[in-house]
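Inspection log for the structure reproduced underneath, given as structure tokens.
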Amino acid sequence: MKFPQKRMDQAAIGVSMLCILHCIFLPLILLLVPVIGLQALADESVHQLLVCIALVISLVALSIGCKRHKAWHILIVGVAGLACLVFAVVFGHDLLGEFMERIMTVVGSGLIIACHIRNYRLCAKTMCT
């Protein structure tokens, strides 16, 4: 497995986990904002930034991995997860409400994480070069 693809899968897993943590724990963090001064985390731009980072890293890592091991279903499911994240950021709050926006973000991030783990394992197993 080439170094950049392996690291990109790991980074994409990490960014997707940050999306989940941001989405799940934001209500709790907002309760603590006055105490710990984390107003910046409440801004929607944090969610948008995380999705942009996940989008770029995930598309590159999954494309490279799938090109090497030819398991294109991984890329397709990963793109579906990214579509969930993008939809949640762009339309989620207005069309679905806050709760469903969170659900869509968690589902999308979960799909992306699963795809990157599968991509990572396939590349390790097949010794992608």
Side-chain angles (χ1 to χ4, degrees):
M1 177 181 343
K2 287 193 177 184
F3 176 77
Q5 189 270 324
K6 177 182 175 182
R7 291 289 180 220
M8 290 181 78
D9 274 326
Q10 292 170 338
I13 291 167
V15 171
S16 295
M17 287 300 295
L18 283 175
C19 284
I20 289 175
L21 292 173
H22 177 260
C23 195
I24 291 173
F25 292 111
L26 185 62
L28 297 174
I29 292 171
L30 289 176
L31 293 174
L32 299 174
V33 165
V35 177
I36 55 179
L38 295 175
Q39 290 91 344
L41 290 177
D43 190 22
E44 185 63 23
S45 63
V46 172
H47 192 196
Q48 293 167 351
L49 176 65
L50 287 173
V51 169
C52 287
I53 293 169
L55 193 65
V56 171
I57 293 173
S58 291
L59 286 175
V60 172
L62 290 174
S63 296
I64 292 170
C66 290
K67 184 177 178 183
R68 291 182 181 150
H69 54 63
K70 307 291 188 230
W72 295 101
H73 66 280
I74 295 172
L75 179 63
I76 292 166
V77 174
V79 168
L82 289 169
C84 286
L85 286 182
V86 170
F87 185 84
V89 161
V90 176
F91 303 111
H93 190 72
D94 294 333
L95 293 178
L96 302 173
E98 190 173 331
F99 179 74
M100 287 307 293
E101 177 186 8
R102 291 183 194 284
I103 296 297
M104 184 164 274
T105 299
V106 170
V107 167
S109 294
L111 285 172
I112 294 166
I113 290 166
C115 287
H116 281 291
I117 289 171
R118 184 74 178 126
N119 194 47
Y120 182 86
R121 287 180 180 165
L122 270 177
C123 277
K125 181 179 169 184
T126 60
M127 302 299 282
C128 293
T129 55

If every non-hydrogen atom of Q10 is compared with every non-hydrogen atom of Y120, which pair is closest and at what distance? NE2-OH, 3.5 Å
What's the shortest heavy-atom distance between E98 and R102, and which atoms? OE2-NH2, 2.8 Å
Looking at residues at least two apart in the chain, or sitting in another chain, which of them share a side-chain contact (heavy atoms from CB on, under 4.5 Å) with V51? H47, L85, V86, V89
Run the side-chain contact (heavy atoms from CB on, under 4.5 Å) test against I57 and tell me which residues pass, sequence neighbours left out. M8, A11, A12, V15, I53
Could you pull out all donor-acceptor pairs under 3.5 Å where a side-chain atom in residues 111-118 meets a protein atom, sequence neighbours excluded?
from: H116; atom 1: ND1; to: D9; atom 2: OD1; distance (Å): 2.6
from: H116; atom 1: NE2; to: S58; atom 2: OG; distance (Å): 3.0

Which side chain to side chain donor-acceptor pair (under 3.5 Å) pairs, counting each pair once, include a residue from residues 77-88, with sequence neighbours left out? none
Between N119 and G65, the two heavy atoms sitting closest are OD1-CA, 3.4 Å
Taking side-chain contact (heavy atoms from CB on, under 4.5 Å) as the test, write out the residues that go with I76, two or more places apart. none
Nearest 0.5 Å, what's the CG-NE2 distance between L75 and H73? 10.5 Å
Does C84 have any side-chain contact (heavy atoms from CB on, under 4.5 Å) partners at least two apart in sequence or in another chain, and if so, which? M104
I'd like to know if I103 and V90 are part of one continuous hydrophobic network [Ile/Leu/Val/Met/Phe/Trp/Tyr, side-chain heavy atoms within less than 4.5 Å]. yes
For L55, run the side-chain contact (heavy atoms from CB on, under 4.5 Å) check against V79, L50, V60, L82 and tell me which one passes. L82
Do V107 and M100 sit in the same hydrophobic cluster, where Ile, Leu, Val, Met, Phe, Trp and Tyr count as joined when their side-chain heavy atoms come under 4.5 Å apart? yes
Does some side-chain heavy atom of K70 sit less than 4.5 Å from a side-chain heavy atom of W72? yes
